[in-house]
2 protein chains.
Amino acid sequence: MNLKQLSEHLGLSQTTVSRALNGYPEVNETTRRRVERAAAEGNYRPNLRAMSLATGKAMAIGHVVPVAHKNDVVNPVFAEFVAGASQTYNLHGYELMLTIAETKNEESIYRSLAAKRAVDGVIVHSPLRDDPRLALLNEIGLPFVVHGRVCDSKTEYNWIDMNNRRAFKQATQLLIDLGHKKIALVNGQETLSFAWLRRQGYEEAFKDNQLEIEPAFLSSAALTETYGYEKASELLALEKSPSAFLVSSYIVALGIRRAISQAGLNIGKDISVIIHDDELSYFDNSAAVPQFTSTRSSVREAGILAAEMLLKQIDDPGLYPQTQLLESHLTIGSSTGPYKA
Amino acid sequence: MNLKQLSEHLGLSQTTVSRALNGYPEVNETTRRRVERAAAEGNYRPNLRAMSLATGKAMAIGHVVPVAHKNDVVNPVFAEFVAGASQTYNLHGYELMLTIAETKNEESIYRSLAAKRAVDGVIVHSPLRDDPRLALLNEIGLPFVVHGRVCDSKTEYNWIDMNNRRAFKQATQLLIDLGHKKIALVNGQETLSFAWLRRQGYEEAFKDNQLEIEPAFLSSAALTETYGYEKASELLALEKSPSAFLVSSYIVALGIRRAISQAGLNIGKDISVIIHDDELSYFDNSAAVPQFTSTRSSVREAGILAAEMLLKQIDDPGLYPQTQLLESHLTIGSSTGPYKA
DNA sequence: ATCAAAATCCAAAGCGCCTTGAATTACTGA
DNA sequence: TCAGTAATTCAAGGCGCTTTGGATTTTGAT
């Protein structure tokens with residue numbers, strides 16, 4: 001069923017039917033209702049491609065998720081973020097176009113999306129400290145929102161981020177207050193800006209308390225369970241081993257927990273652990289007393305907000321770049337306790 | 001840069017340029033090269049929407065991922081599957097349109113996708129034992145491939161699945177061979193067909209060995225870490241507690257491991273655990289001696305194959321329904337050992 | 001040199017929608 | 001009653017591409 005058929009069926013012109021359905025004022029209310037009823041009965045929806053062509057809007061948003069290599073880790077955060085964004089798009093009649101792209105192909109994918117007019121804007125995932133995608137997207141003139149921030153950017157741009165620096169400073173301070181000094185930071189890859197900012201928070205807390213950082217306690221890598229396990233095993237075997245771990249994700253913490261229990265130690269008693277909790281739905285850390293003390297921030301919520309921000313930008317291209325900094329909530333669980341010598 | 005501009009620039013008709021770029025034979029090789037060069041220089045790509053409208057093909061595939069309620073668990077398997085599928089689409093010039101949909105909205109989303117002509121076909125995720133989506137998609141005539149199988153379907157349809165029944169039968173048999181009789185099955189929701197089939201495999205092994213199933217040892221729920229922890233804690237506290245766990249996912253097994261170590265027991269010695277391993281990239285279980293004994297099957301690979309199957313079906317709508325059953329590999333890790341009284 | 005066949009190229013129609021500008025009808029006040 | 005205005009409706013053009021059917025040029029064999 002297309003517009004032509006529908007309008008013939010109704011004995012009206014295509015113009016009138018189109019206007020009736022799109023809420024234009026210059027159509028009689030009675031007619032409008034008649035049209036709407038017929039459209040519903042015939043299960044009529046405007047052909048998306050024809051509509052797009054006529055209006056010049058793709059009614060789609062691109063999400064380009066980078067992976068380093070073909071079979072590399074897909075950041076588990078992305079599914080949750082996308083679940084949030086998808087909610088927003090559904091509400092506004094937009095589609096979500098997803099591409100998982102190897103980093104080396106990213107530029108050509110963005111260019112292609114723009115040239116093909118496949119999307120009205122994109123969400124940039126996993127920004128780097130100094131991310132070439134900003135310049136690229138500005139050059140090709142595709143509206144975008146970054147999930148995270150680009151630390152070294154000179155220009156303004158739309159972003160939404162969790163306050164990584166503050167979260168990790170706060171968490172470090174909590175550990176210091178508990179008497180810990182040997183605090184290992186098990187971080188994500190520090191070319192990624194979120195990890196870099198977390199490290200800064202960690203360092204600031206040490207500086208504020210005039211404590212020295214032990215370089216061996218700093219590590220960064222892709223956030224897998226194995227990484228957590230291996231790093232913690234290694235650190236716990238040291239003569240001067242850490243008494244606390246500050247960990248960038250729940251998944252990594254699971255590996256750390258494995259190493260700790262294998263070493264015969266007790267989380268929350270012998271060793272303290274604080275994680276950042278993105279509130280992934282299959283890792284529920286929200287019990288009355290959560291298993292992990294954590295800095296918490298819903299990444300699904302971030303997805304909703306990022307999508308809203310982007311749609312706003314698309315609606316009004318003249319808008320001054322929007323930014324939004326979400327605060328995390330430090331929640332005490334059973335994985336932290338006072339330092340024991 | 002659009003076709004009109006490009007053809008004017010070249011002093012050719014739009015017809016010729018279009019044909020040159022689309023590989024039609026009726027164009028001089030010299031001309032074709034000239035056109036291709038100019039197109040590359042001008043970074044010309046056909047407008048996707050215009051192309052779609054003209055050809056009647058959307059050049060997009062829909063993935064509708066169901067969640068029970070708005071903030072419910074997004075199956076972590078989906079991200080990995082989609083990463084595979086996306087590879088295939090990139091290769092063939094298709095886009096991936098993603099919707100996270102509450103179950104109650106699914107029907108309207110499929111109908112809308114079809115009526116809007118937004119996609120050429122869809123992948124059906126997380127099929128139920130008796131899934132209404134098959135009839136729906138057949139009714140609206142949208143090509144589809146199911147990731148998994150619908151147990152009670154009378155009609156033929158395209159699917160790709162892992163041999164869940166055989167995998168869990170084999171795993172159960174391994175445990176029985178090791179002397180275990182009290183084997184707990186920690187399964188996914190058994191309205192979902194994968195979980196139902198796994199349960200059947202488990203039951204068949206028991207029957208083959210003339211063993212009785214203890215009903216208290218069967219459980220099923222959404223696959224979260226917490227579920228694993230709580231269920232294992234509960235079972236281990238029983239007077240007659242299981243000596244082995246057969247677990248539907250890595251994530252759930254992490255919770256079980258937590259419960260086991262909290263009970264002061266040792267995995268692989270006091271208690272055996274076998275998991276099904278979807279080879280999620282952030283849970284690497286592929287060490288020389290993996291931490292978990294597992295039935296293994298790459299869900300990313302399944303994504304690649306499912307996408308190829310669907311594209312084939314779209315290319316040739318007359319094709320007889322294709323099916324593909326992937327076998328898993330039983331790999332011995334350090335989480336299993338002989339039964340100790 | 002000639003003519004049919006093959007090789008190139010082109011003009012124009014059409015995909016399904018929105019939107020401009022004009023035409024028709026209904027309503028208002030004098 | 002009638003012009004003047006407001007309320008409805010419509011015809012037609014255009015978005016950027018593919019494709020049909022036809023026109024033109026080249027080629028090859030006689």
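Every heavy atom of this structure was used, including side-chain atoms; hydrogens, water molecules and symmetry mates were not. Quick caveat: nothing in here was measured; it's all calculated off a predicted structure.
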Thinking salt bridges, do R111(A) and E107(A) make one under a 4.0 Å N-O criterion?
->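 Yes, R111(A) and E107(A) are salt-bridged.
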Could R32(A) and E29(A) be called an ion pair, given the rule that one side-chain N must be under 4.0 Å from one carboxylate O?
-> yes
Can you tell me how far [atom2] of [N] sits from [atom1] of [X], to the nearest Å?
| X | N | atom1 | atom2 | answer |
| --- | --- | --- | --- | --- |
| R32(B) | dA7(C) | CZ | C1' | 13 Å |
| Q14(B) | dG14(C) | CD | C1' | 13 Å |
| K57(B) | dG14(C) | NZ | P | 24 Å |
| Y44(B) | dC17(D) | OH | C1' | 7 Å |
| K4(A) | dA11(D) | NZ | P | 12 Å |
| K116(A) | dG16(D) | NZ | C1' | 15 Å |
| L3(B) | dG16(D) | CG | P | 10 Å |
| M59(A) | dG16(C) | CE | C1' | 16 Å |

Between [options], which nucleotide has the shortest distance from any of its atoms to the side chain of [X]?
| X | options | value |
| --- | --- | --- |
| A54(A) | dA11(D), dC17(C), dC9(C) | dC17(C) |
| R19(B) | dC10(D), dC17(C), dT19(D) | dT19(D) |
| E26(B) | dT9(D), dT19(D), dC9(C) | dC9(C) |
| N47(A) | dG16(C), dG21(D), dT19(C) | dG16(C) |

Taking only N and O in the side chain of [X], is any of them less than 4.0 Å away from OP1 or OP2 of [N]?
| X | N | result |
| --- | --- | --- |
| Y24(B) | dT19(D) | yes |
| N28(B) | dC9(C) | no |
| T16(A) | dT9(D) | no |

Would you check if there is a donor-acceptor pair between the side chains of S18(A) and T15(A) at a distance under 3.5 Å?
-> no
Side-chain donor/acceptor contact of S18(B) with base of dT19(D) under 3.5 Å =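 When only heavy-atom distances are counted, S18(B) does not reach the base of dT19(D) through any donor-acceptor pair under 3.5 Å.
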Walking DNA chain C from its 5' end, the first of T15(B) and L53(B) to be reached, judged by nearest nucleotide, is T15(B)
Quick one: on DNA chain C, does L12(B) or M1(A) contact a more 5' nucleotide (nearest heavy atom)?
-> L12(B)
Dump the intermediate steps for salt bridge (Lys or Arg N to Asp or Glu O under 4.0 Å) on E106(A) and R133(A), then the final yes or no.
-> CA-CA 9 Å; E106(A) 261 192 299; R133(A) 290 175 290 183; 3.0 Å; yes
Note the angle between the end axes of the helix from dA1(C)-dT30(D) to dA30(C)-dT1(D), five pairs defining each, rounded to 10 degrees.
-> 40°
Kindly assign one of parallel, tilted or perpendicular to the pair F81(A) and H147(A), based on the angle between their ring planes and the thresholds 30° and 60°.
->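 The arrangement is parallel - the two ring planes meet at less than 30°.
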Would you mind classifying the nucleic acid contact of T31(B) as base, sugar-phosphate or nothing, using non-hydrogen atoms under 4.0 angstrom?
->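 Sugar-phosphate only.
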Under 3.5 Å, is there a donor-acceptor pair between the side chain of S52(B) and the main chain of L48(B)?
-> yes
N138(A) versus F144(A): any side-chain heavy-atom pair under 4.5 Å?
->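 Side-chain contact under 4.5 Å: yes.
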Can you name the nearest heavy-atom pair linking E95(A) to K116(B), along with the distance?
-> OE2-NZ, 2.7 Å
